[in-house]
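This chain uses plain numbering: 1 for the first residue, then up along the sequence. Order of appearance sets the numbers: ligands from 1, and atoms from 1 within every ligand. Being a predicted model, the structure only gives us computed values, none of them experimental.
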Amino acid sequence: HDQYDVAAIEARWLPYWEQEGTFVAAEDDERERKYVLDMFPYPSGDLHMGHAEAFAIGDVPARYARLRGYNVLHPIGWDSFGLPAENAAIKNDAHPAEWTYRNIDTQAASFKRYAISADWTRRLHTSDEAYYRWTQWLFLQFHQRGLAYRKDSPVNWCPKDQTVLANEQVVDGACERCGTEVTKKSLNQWYFAITEYADRLLDDMEQLSGRWPERVLAMQRNWIGRSTGASVRYTIEPAADGADVEPVEVFTTRPDTLYGVTFMVVAADAELAEQLVTDEHRAALQTYREQLGSVSDIERQSAERERTGVFLGRYAVHPLTGEKLPVWASDYVLADYGTGAVMGVPAHDQRDLEFARAMGLDVRVVVDTGEDDPAETGVATAGEGTAINSPAWEGEDKAAAIERAVEVLAEQSVGEATVNYRLRDWLLSRQRFWGAPIPIVHCAACGEVPVPEDQLPVRLPDDLRGEQLSPKGRSPLAAAESWVHTTCPSCGGAAERDTDTMDTFVDSSWYFLRFLSPNDDSQVFDVEAAKRWMPVDQYVGGVEHAILHLLYARFFTKVIHDLGLIDFDEPFSALMNQGQVLNGGKAMSKSLGNGVDLGEQLDAYGVDAVRLTMVFASPPEDDVDWADVSPSGSAKFLARAWRLAQDVTSAVGADPAEGAAGLRATTHRTVAEVEQLVEAQKFNVVVARLMELVNAIRKEIDAGAGAGDPAVREATEITAQILSLVSPYTAEDMWAALGREPSVANSSWPVVEETLLVDDTVTAVVQVKGKLRDKLEVPADISAEDLEAKALALPKIQKYVDEGGGVRKVIVREPKLVNVVTG
Ligand code: ANZ
Ligand code: ZN
């Protein structure tokens with residue numbers, strides 16, 4: 001083969017890897033194991049540039065581990081339930097499975113061509129019965145432990161998609177998917193009790209520190225949002241035109257500001273507001289609530305937002321002073337955080353201050369922070385300071401005052417220390433078709449009855465299609481009469497199936513375990529294999545999953561741990577986030593018309609060049625701008641590398657020690673450096689070093705001993721090995737051209753010869769009468785005599801010696817110093 005023919009090379013090696021099973025992870029291979037996992041794809045059409053980047057990057061650690069002699073598990077599968085399939089089915093009068101599996105086939109073919117070093121024998125799809133049967137099984141384990149439960153709750157509802165949305169799917173009050181304004185609706189829904197795991201999810205992040213990107217940890221920490229403080233109960237004054245109400249509890253992180261409370265505010269959209277409001281103010285509250293609409297929680301609390309609210313006609317009683325505090329309703333207090341009510345401390349809380357100023361309420365300073373009066377500046381003083389106007393903890397600093405306040409509250413039985421979380425339970429039920437049915441039967445006599453394990457999976461009916469799937473405010477499954485009506489597993493009477501399906505995040509919360517035994521229909525996953533492979537050593541995926549997917553997967557892992565199936569409780573030991581692929585500095589999008597078609601790029605430049613370009617463009621975590629890169633440059637480099645392997649003429653096994661020493665030093669230094677660069681995830685620099693090595697080899701061939709030099713062979717073989725991390729086709733072809741076999745992917749990582757790394761020359765300085773006059777490179781083991789002779793022979797030194805009146809004495813400290821004394 002004398003031309004670098006990309007198409008021919010691709011055609012040659014793809015079938016070879018498949019036949020040889022090059023990337024199949026063996027269970028009985030006792031070498032040390034590594035589990036490298038890319039976040040599995042959603043089958044939306046063919047692969048795109050984003051996949052190309054993510055999977056090129058994720059393949060580097062997998063291939064590196066393989067070369068380093070590990071038994072590597074690098075599986076691939078599809079997250080194949082979800083809305084787009086259902087929408088396509090409605091549009092095309094089809095079943096979602098048709099669209100889904102067609103796209104999976106397309107993507108699978110592209111993935112194969114893209115030469116990911118994946119173990120295809122473990123392929124799975126979450127929409128397969130063989131998979132979702134176990135998703136349902138897991139649901140039942142959660143249910144049995146009280147971790148899956150139903151409750152009525154107001155949910156975000158997209159009127160257009162006719163579905164419930166999670167908070168994070170609501171962007172600026174609109175549906176993330178279609179932009180329709182989101183409304184609230186009360187529904188009986190399934191939840192996972194993830195809040196019971198809040199502390200563990202938070203505390204176990206310590207194990208991940210330094211191994212997960214810090215920003216992901218910060219986002220999770222923030223999402224869980226643990227705050228410690230106190231709850232305080234306020235009794236409510238009876239009102240002539242209102243029912244008597246129970247004391248109202250508030251959550252505060254600053255019990256030390258208790259004497260600064262001048263009002264109370266409850267969330268306007270909370271049940272509590274309705275209970276508190278007197279007849280006289282009821283209409284005003286009603287009007288206010290109607291105006292609220294659906295503003296996001298973030299916006300409601302934003303500092304820029306104008307503070308609005310209504311007085312409820314009620315007064316709360318201050319638990320320590322007995323003072324009467326007006327009770328208001330406002331949207332800046334959130335219904336589903338804390339208790340949905342706050343004690344207003346305008347001097348020390350900015351939102352309270354803005355509210356007080358808008359409503360003409362008192363501002364009372366109870367912490368002296370040394371700053372100006374908030375009532376005048378409009379800036380609340382939230383920092384450290386000394387308690388004032390606070391009889392029970394006067395003069396204490398913040399920490400001591402908080403401690404004392406909690407004690408006082410407890411003594412008076414009006415409050416106690418409390419931990420509060422931002423994290424909510426996970427709303428998992430969806431009124432959609434294309435997901436795992438919830439394996440519960442509702443019986444009039446027995447209530448909620450789990451479907452017995454031996455009746456799993458609860459299959460999706462396959463006769464619903466097109467319009468029948470379109471959302472009508474209830475799950476499409478409800479329309480499948482014969483499917484819905486069943487018998488109660490407990491009493492045998494008539495009963496109905498639950499018609500909701502599970503959030504697809506449930507499917508992706510445990511797939512990494514199913515890869516251990518995707519075809520095992522006797523258990524959820526092979527628990528013995530889990531001992532061997534888990535946790536995942538390196539997880540690779542987009543930062544868009546920083547919160548939900550990763551939090552849910554961590555939660556599932558902890559529950560599965562508590563079920564006694566595994567002995568670890570964090571699923572992913574290390575995490576790497578790749579950047580995005582942009583074009584012209586912007587994310588690719590249909591509306592901008594800046595999309596780049598991956599297939600066209602692969603056809604134009606070849607798989608290897610596209611992969612190399614992705615890896616070379618930037619460090620993995622940074623974005624790649626396709627407008628700034630040169631896949632044709634990558635292709636040229638690959639051709640140059642490939643050419644070297646064609647040119648080598650020395651025999652396999654020729655002793656490199658007999659070859660050019662300079663090239664050998666360069667080669668071994670490159671290997672040593674690449675080891676460090678891969679560990680540090682600077683894959684782009686690996687490519688840069690490889691380019692330098694290729695140049696050095698070519699130079700040696702042209703100028704040195706030529707293509708027959710065994711050091712050239714060594715350097716070229718090593719080039720193929722390093723290149724195999726990024727551009728497997730070219731590397732494999734080079735390896736074969738060099739007469740090596742079998743696959744370069746399973747060859748062994750070159751052993752660095754440490755002696756070649758040692759710098760064996762040193763710089764000696766030459767002084768004349770103590771002044772530095774010249775330098776010279778000498779062997780590190782030079783003798784004193786040789787060093788003196790060399791120094792005295794230097795023209796510059798001769799000149800100074802002449803001017804100084806000849807050599808009187810020479811002091812030599814070999815190998816680094818010569819001092820000539822003249823006169
Ligand atoms: C009085 C106070 C005084 C507060 C002060 C703060 C500063 P994090 O840290 O986020 O947990 N809060 C409580 N429930 C709320 C709700 N449902 N909606 C809006 N705000 C709420 O915040 C806790 C603080 O946020 C609580 O402490 C409460 O205001 C407010 F100088 O109580 B604080
Ligand atoms: Zn029954």
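- Between S227 and ligand 1, at least one N/O pair is under 3.5 Å apart.
- Among all protein heavy atoms, the one lying closest to atom 10 (O) of ligand 1 is R422 NH2, 2.8 Å.
- Few gaps surround CD on E214; more than 12 heavy atoms of other groups in view lie less than 6.0 Å from it.
- For ligand 1, the atoms closer than 4.0 angstrom to any heavy atom of M343 are 1 (C).
- Ion pairing between D562 and R200 holds under the 4.0 Å rule for side-chain N and carboxylate O.
- Listed by atom number, the atoms of ligand 1 under 4.0 Å from V333 heavy atoms are 16 (C), 17 (N), 18 (N), 19 (C).
- The shortest separation from a heavy atom of G338 to ligand 1 is not under 4.0 Å, leaving the residue out of contact.
- Between Y132 and A436, the closest heavy-atom pair is CB-CB, 4.0 Å.
- Proximity of the aromatic rings of W328 and F263 is defined here by a centroid distance below 6.0 angstrom, and this criterion is not met.
- Among protein heavy atoms, atom 18 (N) of ligand 1 sits closest to L334 N, 2.9 Å.
- In this structure, SG of C488 and SG of C491 enclose an angle of 110° at the Zn ion (ligand 2), rounded to 10°.
- At the shortest separation from atom 25 (O) of ligand 1 among protein heavy atoms lies R351 NH2, 3.7 Å.
- Comparing D349, V419, V261 against atom 4 (C) of ligand 1, the shortest heavy-atom distance belongs to D349.
- R307 forms a cation-pi arrangement with Y332, by the criterion of a distance under 6.0 Å to the ring centre and an angle within 45° of the ring axis.
- For atom 28 (C) of ligand 1, the closest non-hydrogen atom on the protein side is F251 O, 3.7 Å.
- A salt bridge between R404 and E411 is present, with a side-chain N of the basic residue lying under 4.0 Å from a carboxylate O of the acidic one.
- For the residue pair N188/K151, the side-chain donor-acceptor check at 3.5 Å is not satisfied.
- Taking the six-membered ring for Trp and the full ring otherwise, Y197 and F192 have centroids separated by 6.0 Å or more.
- Of the polar atoms of D352, none of the N or O atoms is found under 3.5 Å from an N or O of ligand 1, judged by distance alone.
- Atom CG of L428 and atom OH of Y149 lie 10.0 Å apart (nearest 0.5 Å).
- When hydrogens are left out, the protein atom nearest atom 1 (C) of ligand 1 is T252 OG1, 3.1 Å; that is the closest non-hydrogen contact.
- Nearest heavy-atom pair across T487 and V441 is O-CG1, 4.4 Å.
- Scanning the protein for heavy atoms near atom 31 (F) of ligand 1, the closest one is H348 O, 2.9 Å.
- Residue contact check: V345 has heavy atoms under 4.0 Å from atoms 1 (C), 3 (C) of ligand 1.
- Residue-ligand proximity, T257 to ligand 1, at heavy-atom distances under 4.0 Å covers atoms 3 (C), 31 (F).
- When all heavy atoms of A329 and A273 are compared, the closest pair comes out as CB-CB, 4.4 Å.
- Counting protein heavy atoms only, atom 23 (C) of ligand 1 is closest to T253 CG2, 3.7 Å.
- Nearest non-hydrogen protein atom to atom 30 (C) of ligand 1 is V342 CG1, 3.9 Å.
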